[in-house]
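Below is one structure; the comments refer to it alone.
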Amino acid sequence: MKVLCVAEKNSISKSVSHTLGGGRVTTRNSSITFVKNYDFTFEFSNWGRCDVTMTCVAGHITGVDFPSDYRWGRCDPGALYHAPLQVQANGTNAQKIADNIKKEARNANYLMIWTDCDREGEYIGWEIVQEAAKGNRNFTVDTAFRAQFAHLERNHVLHAAHNPVRLDKNAIDAVRTRMEIDLITGSSFTRFLTGFMKNAIHYLKDGDIISYGGCQFPTLGFVVDRYKRTKRFVPEDFWHIDISIKKIGAGHSKKTDLVWERGRLFDKLAVLCLYQNCVNKDNDRARVQSLQTKPTSNWAPLPLTTVELQKDCSRFFRMSAKDALDAAEKLYQSGFVSYPRTETDSFPAAMDLKHFIQKQTPSDAWGQYANDLINVPGKFRQPRGGRHDDKAHPPIHPVAFTANLSNPTQAKVYEYIVRRFLACCSHDATGSQTTLKVKWGTESFFTSGLMVKELNYLEVYTYRHWSSSNREIPAVEPGEEVKISKAGIGSGKTAPPPKLTETELIALMDRNGIGTDATIAEHIEKIIARNYITKSKERGTTVLNPTSLGYGLVEGFSQIGFDSISLTKPFLRKKLEDKLKMICDGSATKPQVCQEILDMYREAFALANQNKRLILQCCEDAERNA
DNA sequence: GCAAGGTC
């Protein structure tokens with residue numbers, strides 16, 4: 001018997017082949033350099049010993065598109081809402097990959113899909129079945145087997161090979177629904193906007209595109225939203241009572257500044273009254289309410305996800321999300337780190353983490369730490385686990401050591417991935433927090449100091465700082481009277497919200513379900529390329545601002561006042577995502593969801609058509625006010 | 001020429 005296995009990418013195909021083939025694997029090249037065909041034998045519990053060929057795709061093979069009658073310029077953009085759709089290969093490479101599957105399927109008895117175990121993976125599995133069926137009519141979605149695996153640990157992979165299931169048709173439908181909705185809505189609005197705006201706005205050049213996308217617009221919306229809050233901000237005056245105390249009878253002991261428990265008030269008269277009350281009641285004496293020392297800790301980080309990697313590289317190294325992901329991708333292809341696109345923030349219990357720590361011991365910089373982690377009893381700690389699991393990839397971790405990365409960006413990202421990994425296998429930092437609370441008149445004041453005891457993970461995770469405060473807290477007893485050495489009323493103004501950073505934007509997109517780990521960086525780059533936002537350095541930090549075009553579009557779309565949806569807010573994408581989940585669990589169908597979502601868009605499209613003048617006006621106003 | 005999602 002012969003089995004054809006197909007994975008989503010070569011790295012999986014290679015790894016699974018070597019696990020199943022027990023080291024006896026022969027490699028054949030295909031017409032695409034990064035797609036190999038691996039031949040070996042394996043004893044399946046269902047089929048006995050079989051000849052196996054394992055190959056791969058490189059993500060999706062096909063995409064949906066409109067037939068030629070509906071290409072740009074050949075029809076009214078509104079006609080796209082009832083256009084037929086066709087499936088076609090994503091270019092010549094995809095066609096070669098498809099042909100390879102067709103050829104390898106010809107004399108196979110069984111087809112086993114080894115794509116990632118997520119929604120897109122189910123759909124890619126369906127695409128693979130379509131290609132295999134062209135070479136072998138026995139293969140259908142109902143006869144294809146599906147290996148279920150979440151990582152590449154040997155026993156887990158063997159279990160997956162022995163216990164295949166079927167492809168999940170609901171998940172396949174859900175992905176197809178997303179594809180069709182994104183294509184129709186994106187293309188209709190993009191053609192519409194580009195069509196009427198390109199001649200009406202003077203700074204647009206021939207070939208400029210005013211695009212709409214279900215992820216692009218909410219991303220732009222976040223940037224505009226923060227910009228508006230910053231612009232509109234009116235500072236407010238506030239006041240607070242400040243006091244300093246001294247232990248009585250301690251000679252030249254230092255004074256200790258305390259913070260008012262109420263923080264600050266926006267009513268000057270009220271603060272004056274409270275202050276006067278205190279002076280009248282207690283004059284220059286206050287009483288210690290409590291002095292407490294509690295153990296505290298600073299938590300080691302969770303295992304690393306893509307979004308965290310991008311946020312941290314942006315924060316620590318001022319790297320763009322795209323540069324960080326590109327560097328991680330290169331490191332992965334070079335075999336230094338694990339797969340860099342993952343949402344999973346806990347390691348599988350069976351994974352041998354010390355094996356990967358061991359690999360880092362040759363390093364001059366962190367080798368000693370890695371060595372201690374393995375050899376000093378009690379140093380290693382099984383990492384805490386987060387609540388995210390994409391069921392497809394483990395957290396990002398180093399798999400091999402290198403000290404020779406000539407590319408500085410890759411070197412930084414590699415070092416970060418290693419330090420983060422060693423840190424999450426370490427104990428939390430510990431310390432103690434002392435808090436002093438004092439009552440003066442009717443008001444309470446406090447201060448606290450930190451004493452760091454053990455750095456633990458912070459020794460290797462040099463990006464985070466946590467140190468003992470040099471504030472001195474006097475040795476006083478509860479109930480003890482202390483002297484007020486200074487008292488007064490301080491004032492200040494509230495500060496505007498800070499400009500949006502890329503780190504914050506990534507976090508907003510992640511929290512609101514805009515894009516995925518692999519695409520968040522692309523959406524940001526896309527709206528920069530479209531001239532909707534700019535990235536600029538202000539006082540040492542990189543911040544994001546809308547252009548007048550981006551601002552005008554968001555303003556125009558929000559002034560149109562769509563009934564049920566806002567195209568510049570994240571809720572519509574969230575709604576689509578919820579509906580896709582319903583398709584997956586069987587509580588909705590593809591036709592229902594397409595109809596419901598596309599009806600909303602059709603309505604929005606009609607309204608936008610009636611309000612071209614308004615959109616242009618908003619863009620002009622934005623330019624004038626810039 | 002348009003989207004978003006995979007991956008190289």
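Proteins come first, then strands; the chains are lettered A, B, ... in the order of their sequence lines, and each starts at number 1.
- Aromatic pair A:Tyr123/A:His60: ring centres closer than 6.0 Å.
- Side-chain contact between A:Met197 and A:Leu549 is present, with at least one heavy-atom pair separated by less than 4.5 Å.
- Contact annotation for A:Arg176: no contact, since no heavy-atom pair falls under 4.0 Å across all strands.
- Checked for salt-bridge contact, A:Arg420 and A:Asp312 meet the test: a charged N lies under 4.0 Å from a carboxylate O.
- Residue order along DNA chain B, read from the 5' end via each residue's closest nucleotide, puts A:Lys198 first among A:Phe217 and A:Lys198.
- With respect to A:Tyr81, the ring pair (Phe, Tyr, Trp, His ring centres under 6.0 Å) criterion is satisfied by exactly one of A:Phe605, A:Tyr70, A:Phe189: A:Phe605.
- When the options A:Thr342, A:Thr344, A:Asp116 are evaluated for a side-chain hydrogen bond (donor to acceptor under 3.5 Å, both in side chains) with A:His393, the one that passes is A:Asp116.
- Counting any heavy atom pair closer than 4.0 Å across all strands shown, A:Asp65 reaches a base atom.
- Here A:Glu8 lies in heavy-atom contact (under 4.0 Å) with sugar-phosphate atoms only.
- A:Lys330 comes within 4.0 angstrom of nothing in the nucleic acid, heavy atoms only.
- Among the atoms of the strands shown, only primed sugar atoms or phosphate atoms (P, OP1, OP2) are found under 4.0 Å from some heavy atom of A:Tyr212.
- Looking at heavy-atom distances under 4.0 Å, A:Asn93 makes no contact with the nucleic acid at all.
- Both tests pass for A:Arg166 against the ring of A:Phe145: distance under 6.0 Å to the centre and angle within 45° of the axis.
- Counting any heavy atom pair closer than 4.0 Å across all strands shown, A:Gly213 reaches sugar-phosphate atoms only and no base atom.
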Q.
For a salt bridge (Lys or Arg N to Asp or Glu O under 4.0 Å) check, start with the C-alpha distance between A:Arg176 and A:Glu180, then their side-chain angles and the critical distance, and finish with the verdict.
A. CA-CA 6 Å; A:Arg176 184 59 169 266; A:Glu180 295 185 3; 3.0 Å; yes
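- Mapping A:Tyr332 and A:Leu183 onto DNA chain B via the closest heavy atom, the residue that lands nearer the 5' end is A:Leu183.
- Using a 4.0 Å heavy-atom criterion, one finds that A:Thr33 contacts no nucleic acid atom at all.
- Annotation: side chain of A:Glu127 is not in contact with side chain of A:Val57 (no heavy-atom distance under 4.5 Å).
- No engagement by A:Gly207 is indicated, since no non-hydrogen atom pair under 4.0 Å with the nucleic acid exists.
- A:Asp65 has no carboxylate O lying under 4.0 Å from a charged side-chain N of A:Arg71, or vice versa, which leaves the two without a salt bridge.
- Within residues 576-591 of chain A, no residue has a heavy atom under 4.0 Å from DNA chain B.
- Scanning DNA chain B 5' to 3' for nucleotides with an atom closer than 4.0 angstrom to a non-hydrogen atom of chain A gives a first and last hit of B:dG1 to B:dC8.
- Here A:Arg119 lies out of heavy-atom contact (under 4.0 Å) with every strand.
- Residue-level contact check: A:Arg71 touches neither bases nor backbone, having no heavy atom under 4.0 Å from any strand.
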